[in-house]
Amino acid sequence: MTDSKRFGGKVTLVTGAAGNIGLATARRLAASGSAIALLDLAGEKLDAAVHTVAAAGVTARGYGCDVTDAANVQTIVDQVVADFGQIDFLFNNAGYQGAFAPVQDYPVEDFARVMSINVCGAFHVLRAVSRHMVARRFGRIVNTASMAGVGGPPNMAAYGASKFAIVGLTQTASKDLAPYNIRVNAISPAFMGPGFMWDRQVELQARVGSQYFSTDPKVVAEQMINSVPMRRYGDIKEIPGVVEFLLGDDSSYMTGVNLPIAGGIL
């Protein structure tokens, strides 16, 4: 249960807001009273996400934004501040999983795309939002990393590298922003399902034909589940509460931390 007054008067900016994790988290924070600025690529999914979040009775607005374009990000963030008056919380969540291939065969263009979205995009948003937070001397930021950035997974050179970078960016930003009463932490989900992302990684790992996974997607799914001490994949609904904790006062002495949401995977 959430306290509907907990984040009353606060404004949260969520990137990747039309995706499963972004939308679930936006809804959770809206239920706690926060107004929500939803950023994603413009389209019907973003419009639907705004409608869903607004149903909680808070102000919710959508902004079409390409996080790989620093100028576009700055313009949108400035517009959010103009519309809402402030940004208190940032859930820096936009990302792209990329291709699955051994490093010697990994497509160069896809590697660049993953880094552009996951690392440069996260930096663009973090930089633009933190400048507003510094001026107010208040802010709470949660970046979406991954367990792929804790222990590098096979056949995911770009995604793994990008999420290692997010963990490092979180640690550096937490030090740079601490003097301004801004905390910066990260979350690292592991296997999450069911749904498109789970099915995609199972199928693509099977297609690679590596020594690490079967070529049968059903067997790959079992192999992945059996690598988790809790013997199940996580539910998307198990992510937003962790984000809310890191944004709230219960984590007031935590910054630079990367919290696994991983069923016991270390």
Side-chain angles (χ1 to χ4, degrees), residues 14-23 25 39-43 45-46 64-73 76 90-129 141-173 184 186-193 195-210 212-213 220 224 233-234 236 239 258 260-262 265:
V14 178
T15 67
N20 290 338
I21 294 174
L23 179 55
T25 303
L39 273 63
D40 210 311
L41 294 174
K45 288 184 65 177
L46 178 58
C65 183
D66 178 0
V67 297
T68 68
D69 184 335
N72 181 225
V73 168
I76 295 299
L90 166 64
F91 183 38
N92 201 8
N93 170 68
Y96 167 60
Q97 195 175 47
F100 284 69
V103 67
Q104 68 272 22
D105 298 323
Y106 200 94
V108 172
E109 297 81 3
D110 191 78
F111 192 96
R113 183 185 180 199
V114 171
M115 299 302 283
S116 179
I117 296 171
N118 293 4
V119 182
C120 296
F123 166 71
H124 294 156
V125 176
L126 176 62
R127 181 180 185 274
V129 172
I141 296 168
V142 175
N143 296 318
T144 298
S146 170
M147 290 307 290
V150 176
N155 307 312
M156 298 178 72
Y159 189 74
S162 74
K163 294 305 183 177
F164 272 100
I166 291 300
V167 174
L169 178 63
T170 298
Q171 293 173 352
T172 295
V184 186
I187 58 167
S188 278
F191 301 127
M192 291 288 159
F196 171 76
M197 294 299 290
W198 169 258
D199 293 340
R200 182 179 187 272
Q201 64 182 323
V202 166
E203 292 171 3
L204 293 183
Q205 285 286 20
R207 289 182 195 174
V208 172
S210 70
Y212 302 101
F213 295 105
V220 172
M224 288 181 174
Y233 49 61
I236 297 297
I239 295 176
N258 177 36
I261 307 174
I265 297 175

Has [X] got a side-chain atom pairing as donor or acceptor with [Y]'s backbone, closer than 3.5 angstrom?
{"X": "N143", "Y": "I166", "value": "no"}
{"X": "S116", "Y": "A112", "value": "no"}
{"X": "Q205", "Y": "S210", "value": "no"}
{"X": "T15", "Y": "N93", "value": "yes"}
{"X": "K45", "Y": "A17", "value": "no"}

Pairwise side-chain contact, [X] with [Y], heavy-atom cut-off 4.5 Å (strictly under):
{"X": "M224", "Y": "W198", "value": "yes"}
{"X": "V202", "Y": "F213", "value": "no"}
{"X": "V150", "Y": "N258", "value": "yes"}
{"X": "V67", "Y": "H124", "value": "no"}
{"X": "F91", "Y": "I21", "value": "yes"}
{"X": "V119", "Y": "L169", "value": "no"}

What distance do [X] atom [atom1] and [Y] atom [atom2] have between them, rounded to the nearest 0.5 Å?
{"X": "Q97", "Y": "S162", "atom1": "CD", "atom2": "OG", "value": "10.0 Å"}
{"X": "N155", "Y": "R207", "atom1": "CG", "atom2": "CZ", "value": "13.5 Å"}
{"X": "D66", "Y": "I117", "atom1": "CG", "atom2": "CD1", "value": "8.0 Å"}
{"X": "N92", "Y": "I141", "atom1": "CG", "atom2": "CD1", "value": "7.5 Å"}

Smallest separation among heavy atoms of [X] and [Y], with atom names:
{"X": "A262", "Y": "M147", "value": "CB-CG, 3.7 Å"}
{"X": "A161", "Y": "F111", "value": "CB-CZ, 4.4 Å"}
{"X": "A18", "Y": "D40", "value": "N-OD2, 2.8 Å"}
{"X": "K163", "Y": "A148", "value": "CB-C, 4.4 Å"}
{"X": "A94", "Y": "N118", "value": "O-OD1, 4.5 Å"}
{"X": "A173", "Y": "L126", "value": "CB-CD2, 3.8 Å"}

### Query
What's the verdict on side chain to side chain contact (heavy atoms under 4.5 Å, CB included) for T68 and Y96, showing C-alpha distance, side-chain angles and the deciding distance?
CA-CA 12 Å; T68 68; Y96 167 60; over 6 Å; no
### Audit row: C65, V73, side chain to side chain contact (heavy atoms under 4.5 Å, CB included) steps and yes/no
CA-CA 7 Å; C65 183; V73 168; 4.0 Å; yes
### Task
Could you please spell out the steps behind the side chain to side chain contact (heavy atoms under 4.5 Å, CB included) verdict for F191 and Q201?
CA-CA 9 Å; F191 301 127; Q201 64 182 323; 4.0 Å; yes
### Query
Do other residues, nucleotides or ligands put more than 12 heavy atoms under 6.0 Å from the CZ atom of R200?
yes
### Message
For a side chain to side chain contact (heavy atoms under 4.5 Å, CB included) check, start with the C-alpha distance between I239 and I187, then their side-chain angles and the critical distance, and finish with the verdict.
### Response
CA-CA 8 Å; I239 295 176; I187 58 167; 3.7 Å; yes
